[in-house]
Amino acid sequence: MNERYRVKPEQKIDLSEWDPSDTTAFDGDKEAGEEATAKLNKGLEALQELLYAEGKRKVLLVLQAMDTGGKDGVIRHVFDGVNPQGVKVASFKRPTPEELAHDYLWRVHKVTPGSGEIVIFNRSHYEDVLVVRVHNLVPEGVWSRRYDQINAFEKQLAEEGTTILKFFLHINKDEQKERLQARLDEPDKNWKFASGDLAERALWPEYQKAYEAVLSRTSTAHAPWYIIPANRKWYRDLVISQILVETLEGLEMRFPPAEEGLDRIVID
Ligand code: ATP
Ligand code: MG
C-alpha cells in the first residue's frame, strides 16, 4: 500500500491516469475495508502514545485536495480515538494581512510539530503554488521558484527529525458535483456550502494542472506525496491509515527506560 500510491521523486504525474475510484487493494470490499481501518486505528492509538512517550520524533501530515475532497473526513476518521493531546491540526485559510506581510513559509514554520507531536496540515504551504498560481496572486516568476524552496524547507525539517507524509485526496469532477449537491440538499450540510466553491470548480482543469506540477516536482525521498483514491471515502481512510501506521512502525520507537528499581517499590 505504502508503495502503490507513492509518487516517486521526479515522477511525471498525469492525474487522468490515476483512478480516483480505485479500490483494488481491497477488492472493493467496503465492509472488510472498514474492519481493517478500525484495526489500524487501534494501532495508531498505540503508536501515537509511543511517539509521545519517546518524545524524540516529530510527524507532519499534509492534506491537500479540491473542495469536498475529504480532508475533514480524514481527520475525523483516521484519528478517531487517538489522544487529542498529542495531535494538532493546523488549518491554512486565506492569509491575514500580517501573514501576507511575511514570506509564505513564515506562518507554516511556526506550527510544524515539536518532539513527540503529530501535526496535521489541513491545507498547507502548497496553497502558495496552487490557489496562488491558478489566480495569479503573485507573478509567475515568484511562484515558480517556490517548488525548490518548498523542497529545501521540507528537507530541513526532515534532517531535524520530522517525518513528513503528504496526501493528495484525489476525487473527480463528478464526485465533487455529488458532494456539493448534497450540501445543498441536506439541511444539516447547508453550512458547508460556500458559493465561492463553484468559482473554483469552474477552474478544475487549471487546478489539476497546478496539482500535477506539485506532485511531479515536490515528491522527495524525505517528504513523499501519495495520491489517494478518494471517491470512496472508506477506501481513502483505509489507505491513509495503512500508510501512516506502516510509517510509524518503521520508526522503531521505544518507550523511555523505566526508573531503576521499580520492581522493589511497595506502595503502602
Ligand atoms: P476547506 O475548504 O479547507 O475545507 P473551509 O471551507 O472551512 O476549509 P475556506 O474559507 O474554504 O474554509 O478556507 C480555505 C480557503 O483559503 C481556500 O479557498 C484556500 O485556497 C484559501 N487559501 C489557503 N491558503 C491560501 C494562500 N496562501 N493564499 C490564498 N488563499 C489561500
Ligand atoms: Mg472551503
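For ligands, and for the atoms within them, numbers begin at 1 and follow the listed sequence.
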Subject >> Heavy-atom donor-acceptor pair, E99 side chain to T96 backbone, under 3.5 Å >> reply: yes
Heavy atoms only, cut-off 4.0 Å: how does [X] contact ligand 1, side chain, backbone, both, or neither?
X: A194; value: neither
X: D67; value: side chain
X: D72; value: side chain

Which residue and non-hydrogen atom of the protein lie closest to [atom], and at what distance in Å?
atom: atom 28 (N) of ligand 1; result: P95 CD, 3.4 Å
atom: atom 30 (N) of ligand 1; result: V131 CG1, 3.5 Å
atom: atom 16 (O) of ligand 1; result: R94 N, 3.2 Å

Original post:
Of the listed options (K192, R107, E99, Q64), which comes nearest to atom 24 (N) of ligand 1 when hydrogens are ignored and any heavy atom counts?
Top reply: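 Among K192, R107, E99, Q64, the closest heavy atom to atom 24 (N) of ligand 1 belongs to R107.
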**OP:** Would you mind finding which of K71, K93, M66 brings a heavy atom closest to atom 23 (C) of ligand 1?
**Re:** K93
Subject >> Atom pair CZ/CD of R183 and E178 - distance to nearest 0.5 Å >> reply: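 R183 atom CZ to E178 atom CD measures 13.0 Å (nearest 0.5 Å).
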Original post:
Is the closest side-chain donor-acceptor distance between Q149 and Y104 under 3.5 Å?
Top reply: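 Yes, Y104 and Q149 have a side-chain donor paired with an acceptor closer than 3.5 Å.
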What atoms of ligand 1 come closer than 4.0 angstrom to any heavy atom of [X]?
X: V132; value: 28 (N)
X: D128; value: 27 (N)
X: E127; value: 19 (C), 20 (O), 23 (C), 24 (N), 25 (C)

Original post:
Can you find an N or O of R123 that's nearer than 3.5 Å to an N or O of ligand 1?
Top reply: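 So ligand 1 has an N or O lying under 3.5 Å from an N or O of R123.
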Original post:
Distance under 6.0 Å and angle within 45° of the ring axis: does K110 meet both against W106?
Top reply: yes
**OP:** Is it possible for you to check whether R107 lies under 6.0 Å from the centre of the six-membered ring of F92, through NZ or CZ, and within 45° of that ring's axis?
**Re:**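 Geometry flag: not set, cation outside 6.0 Å or 45°.
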Original post:
Step by step, would you call H170 with Q208 a side chain to side chain donor-acceptor pair (under 3.5 Å)?
Top reply: CA-CA 10 Å; H170 182 35; Q208 296 292 294; 4.6 Å; no
Subject >> Path from I228 to V214 over hydrophobic side-chain contacts below 4.5 Å >> reply: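 No, I228 and V214 fall in different hydrophobic clusters.
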**OP:** Taking only Lys NZ, Arg NE, NH1 and NH2, and the carboxylate oxygens of Asp or Glu, determine whether E54 and R57 approach each other closer than 4.0 Å.
**Re:**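 So E54 pairs with R57 through a salt bridge.
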